[in-house]
2 protein chains.
Amino acid sequence: MARRGEANNRLDDAARAGWLYYVAGRTQDEIATVMGISRQSAQRLVSLAMSERLIKVRLDHPIAACLEAAAGLRDRYGLKHVEVVPSDPGSTSTTVGIAEAGAAEIERWLKSPEPQVLAIGTGRTLKAAVDQLPTMECPQHRIVSLTGNIGLDGSAAYYNVIFSMADAVKARHFPMPLPVLAASAEEREVLHSQSLVQVALKLGAEANVAFVGVGELGPDAPLCQDGFLAQDEMADLTRAGAAGEICGWMFDHDGALLSGSFNERVASVPLPSRDKASVIGLAKGRRKYEALRAAVKGGIINGLITDEATASHLLNA
Amino acid sequence: MARRGEANNRLDDAARAGWLYYVAGRTQDEIATVMGISRQSAQRLVSLAMSERLIKVRLDHPIAACLEAAAGLRDRYGLKHVEVVPSDPGSTSTTVGIAEAGAAEIERWLKSPEPQVLAIGTGRTLKAAVDQLPTMECPQHRIVSLTGNIGLDGSAAYYNVIFSMADAVKARHFPMPLPVLAASAEEREVLHSQSLVQVALKLGAEANVAFVGVGELGPDAPLCQDGFLAQDEMADLTRAGAAGEICGWMFDHDGALLSGSFNERVASVPLPSRDKASVIGLAKGRRKYEALRAAVKGGIINGLITDEATASHLLNA
DNA sequence: ACAGGAAGTGAGTAATTGCTCATGAGCAAG
DNA sequence: CTTGCTCATGAGCAATTACTCACTTCCTGT
């Protein structure tokens with residue numbers, strides 16, 4: 001077996017070993033025998049299969065506590081879709097759990113035989129979710145990016161979610177060849193008049209569902225870390241009452257979009273209508289509490305994937 | 001935590017433990033601490049989550065389909081050994097993939113330090129597999145041909161697998177200096193009484209493993225093309241319900257050896273006992289579907305090396 | 001051709017996990 | 001109240017898995 005192309009051989013073997021281990025339940029010793037390698041090598045392949053994310057694990061059980069929290073959030077904030085995953089108290093990761101749950105929900109949409117327009121924001125959480133997606137053939141769907149992927153310095157942003165998604169999901173995808181923020185409202189109009197951007201804007205308005213990250217503000221905000229926003233601008237925004245941002249759109253503590261000049265410079269696609277589409281936020285963690293609370297309170301998002309601890313904070317707020 | 005409804009509590013806990021273990025990657029000790037139970041209980045919950053299928057594991061790699069098909073075939077037809085290689089939709093070859101996989105399996109047997117008796121059939125597929133073998137020193141093994149290599153006209157048959165094998169593998173090899181088919185049952189007895197043939201017959205009965213091709217019937221059957229069988233005889237056989245042949249032995253659509261006079265004229269070594277030995281068929285392709293299905297159904301072979309498309313046909317049949 | 005480096009390997013060992021067993025709690029029937 | 005049953009539990013131990021280290025192989029760039 002497996003003596004063809006050379007490059008993928010190791011991953012193929014890893015896949016085979018991983019399958020035998022996780023799906024077929026064989027021991028690594030057996031796998032080593034079957035594949036004619038040493039036990040240690042078998043172990044390495046199994047662990048490679050895991051670290052290369054060839055093996056996807058998912059929990060298929062509505063945990064009561066999470067279900068209750070989800071139901072509570074749905075009622076309290078009038079959300080369409082809520083998913084709460086168990087908290088991992090020992091972990092400082094801001095994505096573990098959310099990423100898997102987010103991927104599962106994205107996958108659910110992608111499995112629809114009806115053509116769908118999926119809108120995708122950006123950010124670390126969303127990137128982690130998209131990285132969990134299996135490869136799928138979805139020629140019937142279209143996927144549009146809600147935010148530009150160009151940094152202040154003209155380079156492509158790192159958390160370039162739509163391209164990662166295109167790698168896994170075979171569907172037409174529409175990136176936004178723009179910076180997140182234009183220099184002025186006028187410049188934004190010019191940028192938006194480009195035909196490529198027009199397509200994205202039109203698709204964004206038609207989207208059936210949007211998956212977005214929720215950004216907190218402050219000196220350590222993701223927008224600053226990634227170089228989209230300078231510290232002094234950030235300070236101005238928080239002084240003006242900004243509590244968080246989604247795709248660059250700033251909102252205050254009640255979840256109302258900021259009326260100042262800043263949002264007129266945001267070059268992102270407007271969020272799809274909350275009446276017609278699902279706008280699902282993915283976020284968890286202490287630092288996001290304020291931004292999340294504002295977003296659900298003001299109906300910036302009408303769907304939420306978060307963890308138990310964050311959910312309970314939102315319920316007690 | 002987790003102390004609400006009573007009935008599902010255990011499964012909920014199992015789900016939570018399973019999530020922490022498989023998704024979050026914590027150890028069972030950590031889970032025990034977090035959930036306030038003993039390590040053993042944590043282990044039980046994790047294992048419960050698995051056995052209750054709360055945790056779904058899946059392999060995201062093209063090889064996944066092959067491994068699943070192989071497992072499916074093994075269960076469905078009670079086969080000892082199944083290998084499924086990816087189909088190459090662009091190729092019309094009846095051997096690509098199979099040959100490499102077959103060679104790897106033969107090699108695995110040859111690497112055994114214990115003396116083995118390997119039996120080899122004939123045919124294009126097997127020839128291609130044997131051509132993939134590296135040169136090996138295997139003085140401990142013996143290799144016996146299951147079928148004669150003499151055509152109707154007295155010439156040596158082209159697909160003379162055992163001699164090709166002897167070129168690569170240094171082991172004692174025992175050809176069958178016979179035609180595939182005797183003129184009558186009596187002639188077969190005479191032929192079989194030759195001492196050289198006796199040796200082959202004896203070895204065939206002792207074989208630890210046999211590798212055989214699977215022949216389809218009909219006007220274009222390999223047996224006809226190679227001049228072992230005339231067209232009118234072939235027509236008689238299909239009328240009598242023959243579905244395929246292995247080493248000349250004809251079997252019907254249920255995989256039962258044909259009882260008519262034809263099989264009494266087949267001069268091949270009888271196939272080794274399916275109870276004691278592995279009889280591994282190598283075949284793929286649309287034209288072999290019927291013959292293969294009959295062979296696995298009736299237990300003519302208990303091992304199979306094929307491709308994905310053929311495997312899925314056998315599973316859907 | 002050869003030094004340097006990345007990647008793979010097997011051995012050995014520590015850590016983790018799986019299994020069996022003896023025990024005791026909870027409960028229904030007698 | 002006792003008996004007999006099921007089921008969960010923790011202990012102890014065996015099996016399995018993960019990791020480290022020293023060594024080899026195979027490139028790569030002089």
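Every heavy atom of this structure was used, including side-chain atoms; hydrogens, water molecules and symmetry mates were not. Proteins get letters first, then strands, A, B, ... in listed order; numbering begins at 1 in each.
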Shortest non-hydrogen contact from A:A283 toward A:I98 = O-CD1, 3.9 Å
Angle by which the axis turns from one end of the helix from C:dA1-D:dT30 to C:dG30-D:dC1 to the other, five pairs per end, to 10 degrees = 30°
A:L45 atom CG is separated from D:dA18 atom C1', nearest whole Å, by 14 Å
Steps toward salt bridge (charged side-chain N to carboxylate O under 4.0 Å, His left out) verdict (A:K127, A:D131) = CA-CA 6 Å; A:K127 176 75 157 68; A:D131 283 344; 3.3 Å; yes
Carefully, step by step, assess A:K56 and A:E107 under the rule salt bridge (charged side-chain N to carboxylate O under 4.0 Å, His left out).
-> CA-CA 13 Å; A:K56 305 268 169 80; A:E107 201 178 325; over 6 Å; no
Matching residue for B:V85 among B:D307, B:T310, B:T306 - test: side-chain contact (heavy atoms from CB on, under 4.5 Å) | B:D307
Heavy-atom donor-acceptor pair, B:S278 side chain to B:I280 backbone, under 3.5 Å = no
Report yes if the side chains of A:W19 and B:E68 come closer than 4.5 Å at any heavy-atom pair, otherwise no.
-> yes
Residues which pass ring-ring contact (aromatic ring centres under 6.0 Å, His included) with B:H141, listed by chain and number, not counting sequence neighbours | none
With B:S112, the side chain to side chain donor-acceptor pair (under 3.5 Å) member among B:Q116, B:E114, B:R108 | B:Q116
What is the per-nucleotide protein-contact pattern of nucleotides 7-20 of chain C, from the 5' end, where B denotes a base atom under 4.0 Å from a protein heavy atom, S denotes such proximity for sugar-phosphate atoms only, and - denotes neither?
-> -SBBBBB---BB-B
